[in-house]
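A note on names: the letters A, B, ... follow the listed sequences, proteins ahead of strands, and every chain is numbered from 1. Note that this is a predicted model, so its numbers are computed, not measured.
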Amino acid sequence: MIDFATQLTNLLGPEFSREGLDPHLAEVRRSARPDLGDFQCNGALAGAKQKGENPRALADRLLESLRGQALLRETSVAGPGFINLALSDEALAAQANRLAEDARSGLTPVAQPLRVLVDFAGPNVAKPMHVGHLRATVIGDSLQRIARALGHQVTSDAHFGDWGLQIGLLIISLEDEQPELPYFRADYDESMFIEEPPVSMEDLDRMYPAASARMKEDVAYRDRARKATAELQKGRAGYLALHKHFWKVSKFALEREFTALNIHFDLWKGESDVNYLIEELVEKARQAGVAVPSEGALVIEVAREEDKKTVPPLLLVSSEGSAMYGTTDLATIVEREREVKPDLFLYVVDQRQALHFTQVFRAAQAAGLSQESRLEHIGFGTMNGTDGKPFKTRSGGVIKLHDLITSCRERALEKMEEGGYGKELSPAEREKTALMVGTAALKFADLSNYRLTDYVFDLDRFTSFEGKTGPYLQFQGVRVKSLLRKAAEQGLGEAPIQVLLPEEKALVLALDGFNGAVHLAFEKRAPHFVAEHVFTLAQAFSTFWVASPKILEEKDEAVRGSRLRLSRAVLTQLELGLGLLGIEIPERM
RNA sequence: GCGCUGGUAGCUCAAUGGAUAGAGCGUCGGCCUCCGGAGCCGAAGGUUGGAGGUUCGAAUCCUCUCCGGCGCGCCA
């Protein structure tokens, strides 16, 4: 099925072409003036400008052959040359029924599916996920869901940060704590491997910040860490064994969070997985003259004449001989080009790393590893506390994602109990629902903001069951589920949708906007368009709900059946739309 | 210093160069013999940070400027 905006655009397109104008000018959108029409087209204004004629006259000619179209009840030209289009009742009803029958709720796949690689979350070894990871995770997951829904072939990768200096730091930190471990022996070999990990996640969490802080003041310590890093990368067996331990311990802890958030990755590749490619990568770049020595290191120059800013070179090999952040990113591109062959790479990473990605993408182009045009950095702003500053605990520490999820879940449970809802649920179900509601609060709050803006985290506001929140949207879904459940119990069936009330018309038009919202969200790589749509839909439903009270008691079977079918269509779209944001609707709450 | 971002209602945020800039919260006023009222309807509240410019038309594009956040070679 095709949404109204597209149908109308397709109708007007040939008319613009006939006038010798670009059919793109025919783009039709929802009207800003519902009193004048359901949809509008502004193309006559720009078109008349090109032709040097009166826009109203042009608009009139464009509309001539549209008269008598079954789709339209009325067409008119207003103001300087706005084209207003009003839909016929028949068209509205027909579209409503098509939407209700469509399991995809009107969502159409893209004409040209792409292989899309989504790199997001980027959790690190030894560092529990904190609030900073929330946005990357939630936005990245939503983008992968949206891309899949549109028919793209998506591969998602957590891109585990398990390489580089942080591992070197952990190694020397552990060496100081437990020098007796076999992994530090120069003659270590695999037969000495001990299955039991030498550290717990708590140990890593304690060691890393301490070592990181010490490195900043203690130059000798930093050099030791860098040396350990270089040795690890060169394949020192004992260090590789430690790396394996760190990796396993960290991944186990991280998966707990991803499971709670209902987030899935196709790949859980780490930076260490591309280490085998680095030597060849560096050698080729050096031979091709792309990589050049500079201040003792090996770099790829990426500055360009047209740059307004100075773009520093990408550091390929440090003076210590170790691969850097950008190096592993380049190697990762090589591996992805070989194994996934993406048409599009999306890197969902904090906006503060924009410069880094500029460097990597240019270097990838320069070294012939990929095409810059296919590499995209999807940046995002930070999550701040109610004081407007980056979100911190009272003592000034970083809040762990796990604790954040826990407090959302607990608050959701409190709200449910406060309102006396969910009483019929078993304690286990209630806990499960509370987690669903809590994560919905967290995700919707994040995804309803445009990704590049910073936003203020306010637990009370986000977990509120009223207003523009995840729980409110779930609640609307729960209401419909309850209605449909009762209808089924009473043996009340559906019937073709009739659009009788203005609230029903508004609801059908809202439903019809889903397809456009999802496509726009992917084009802009901005899930908030979906969030916005779902909220608009929920509001339209609520208005309809009040305008057509007691559907179950409606005596007219056709009217009752129509409203039940319309309600079910709403539920389908709410579930799909919220699903694109990674939010589930419980049966009861 | 250079660059990237953001600045919209009291607060938190939307708005693919289009008509009268919209929501949520808060405030004020309505609607409960209600399928889940955690809802709905209405009102007040704006020189879109400021100044120029482009355009038939600017929150949106350009220039300058003020304020906040951030980034600028051996961390990731």
Side-chain angles (χ1 to χ4, degrees), chain A residues 27 29 31-33 35-36 40 42 45-46 48-49 55 78-82 84 122 124 127 161 163-166 169 212 215-216 222 225-226 271 294-299 307-320 322 324-326 328-329 350-356 358-359 379 381-382 384 386 388-390 415-416 418-419 421 445 448-450 452-456 458 461 464-469 471-472 475-476 478-480 482-487 516 520 523-524 528-529 531-532 535-536 539 542-543 545-554 567 588-589:
Chain A
E27 192 191 340
R29 68 182 77 174
S31 179
R33 293 284 304 271
D35 52 321
L36 300 176
Q40 66 175 322
N42 306 328
L45 290 154
K49 173 85 176 169
F82 294 106
N84 293 311
N124 286 298
K127 296 183 224 170
W163 211 233
L165 187 62
Q166 54 183 339
L169 273 172
S212 179
M215 173 188 77
K216 280 172 190 146
R222 187 194 67 195
R226 277 160 68 170
E271 295 172 332
S294 166
E295 296 172 33
L298 194 65
V299 305
D307 287 341
K308 288 187 206 164
K309 59 188 170 188
T310 49
V311 181
L314 179 132
L315 264 165
L316 202 60
V317 182
S318 77
S319 49
E320 197 67 45
S322 46
M324 307 299 290
Y325 180 35
T328 45
D329 273 356
D350 195 309
Q351 181 61 14
R352 283 176 291 195
Q353 295 192 36
L355 181 59
H356 166 73
T358 302
Q359 293 173 291
T382 58
N384 294 332
T386 37
K389 292 178 186 159
K415 300 259 181 181
M416 281 165 62
E418 246 170 57
Y421 290 105
S448 57
N449 291 301
Y450 177 56
L452 280 172
T453 57
D454 296 343
Y455 76 99
V456 175
D458 184 339
R461 191 158 61 79
S464 169
F465 283 37
E466 55 188 79
K468 196 171 181 176
T469 69
Y472 165 82
F475 174 72
Q476 294 303 327
V478 167
R479 276 171 120 183
V480 188
S482 173
L483 171 73
L484 297 177
R485 208 161 36 228
K486 286 198 167 115
L520 184 63
E523 281 159 22
K524 303 284 180 193
H528 82 281
F529 286 110
E532 199 71 28
F535 183 68
T536 304
Q539 279 188 311
S542 232
T543 306
W545 175 269
V546 171
S548 61
K550 301 186 215 170
I551 293 172
L552 296 176
E553 289 165 36
E554 173 61 51
S567 299
R588 296 168 211 270
M589 63 188 275

(message) Under a 3.5 Å cut-off for both contacts, is B:G6 paired Watson-Crick or G-U wobble with anything, and if yes, with which nucleotide?
(response) B:C67
(message) Nearest to the A:Val456 side chain among B:C35, B:C74, B:C13, which nucleotide is it?
(response) B:C13
(message) Pairing check on B:C31: which nucleotide meets the Watson-Crick or G-U wobble criteria with it, both distances under 3.5 Å?
(response) B:G39
(message) If the threshold is 4.0 Å, N to carboxylate O, is there a salt bridge linking A:Glu532 and A:Lys468?
(response) yes
(request) Among B:G73, B:G26, B:G24, find the nucleotide with the atom closest to the side chain of A:Val299. (result) B:G73
(message) Nearest whole Å is fine: how far is B:C32 C1' from A:Lys550 NZ?
(response) 11 Å
(message) Quick test of your reading of the model: are A:Lys309 and A:Asp307 salt-bridged, counting only N-O distances below 4.0 Å?
(response) no
(request) Output the single nucleotide from B:A14, B:G18, B:G36 whose closest atom is nearest the side chain of A:Thr453. (result) B:A14
(message) Let's see if you can work this out: which of B:C74, B:G6, B:C70 has an atom nearest to the side-chain heavy atoms of A:Leu452?
(response) B:G6
(request) Provide the distance between the two C1' atoms, one in B:C64 and one in B:C75, to the nearest whole Å. (result) 38 Å
(message) Expressed as a whole number of angstroms, how long is the span from A:Tyr325:OH to B:G71:C1'?
(response) 13 Å
(message) Roughly how many Å apart are B:A14 and B:G24, using the C1' atom of each and rounding to a whole number?
(response) 10 Å
(request) Measure from the side chain of A:Leu45, starting at C-beta and using heavy atoms only, and say which of B:G18, B:A76, B:A38 lies closest. (result) B:G18
(request) Return the set of residues passing side-chain hydrogen bond (donor to acceptor under 3.5 Å, both in side chains) with A:Arg29 (not counting sequence neighbours), or none when no residue passes. (result) none
(message) What's the closest nucleotide to the side chain of A:Leu483 if the choices are B:A38, B:C74, B:C35?
(response) B:C35
(request) Write down the distance between CD (A:Gln476) and C1' (B:A23), rounded to a whole number of angstrom. (result) 15 Å
(message) In whole Å, I'd like the distance from the CG atom of A:Leu315 to the P atom of B:C74.
(response) 7 Å
(message) With rounding to the closest Å, how many angstrom separate the C1' atoms on B:A23 and B:C62?
(response) 31 Å
(request) Look through every strand shown and name the nucleotide pairing with B:G1 as Watson-Crick or G-U wobble, where both distances are under 3.5 Å. (result) B:C72
(message) Rounded to whole Å, please give me the gap between CE in A:Met215 and P in B:C75.
(response) 7 Å
(request) Could you work out which one of B:C74, B:A19, B:A14 sits closest to the side chain of A:Asn449? (result) B:A14
(request) Would you mind classifying the nucleic acid contact of A:Ala354 as base, sugar-phosphate or nothing, using non-hydrogen atoms under 4.0 angstrom? (result) nothing
(message) Please report the distance separating the C1' of B:A51 from the corresponding atom of B:A9, rounded so that it comes out in whole Å.
(response) 23 Å
(request) Please name all residues satisfying side-chain hydrogen bond (donor to acceptor under 3.5 Å, both in side chains) with A:Gln353, sequence neighbours left out, ordered by chain then number. (result) A:Tyr325
(message) Only pairs with both distances under 3.5 Å count, Watson-Crick or wobble alike; so what is the partner of B:U48 in this structure?
(response) none
(message) Under a 3.5 Å cut-off for both contacts, is B:U20 paired Watson-Crick or G-U wobble with anything, and if yes, with which nucleotide?
(response) none
(request) Let me know the distance between NZ of A:Lys127 and P of B:A76, rounded to the nearest Å. (result) 9 Å
(request) Establish whether the base of B:A19 is bridged to the side chain of A:Gln40 by a donor-acceptor pair shorter than 3.5 Å. (result) yes
(request) Identify which nucleotide among B:C40, B:G3, B:C72 has an atom closest to any side-chain atom of A:Lys309, counting heavy atoms from C-beta outward. (result) B:G3
(request) Mark this stacking check for A:Phe82 against B:A19 as yes or no, applying ring centres under 5.5 Å and ring planes under 30°. (result) yes
(message) Can you tell me which nucleotide in B:A19, B:G39, B:C74 comes closest to the side chain of A:Ala32?
(response) B:A19
(message) Let's see if you can work this out: which of B:G39, B:G71, B:A19 has an atom nearest to the side-chain heavy atoms of A:Val546?
(response) B:G39
(message) Between C1' on B:A15 and CD on A:Glu532, what's the gap in Å once rounded to a whole number?
(response) 8 Å
(message) Would you measure the distance from the C1' atom in B:A59 across to the matching atom in B:C2 and give it in whole Å?
(response) 27 Å
(request) Measure the distance from NE2 on A:His356 to P on B:G71 and round it to the nearest whole Å. (result) 15 Å
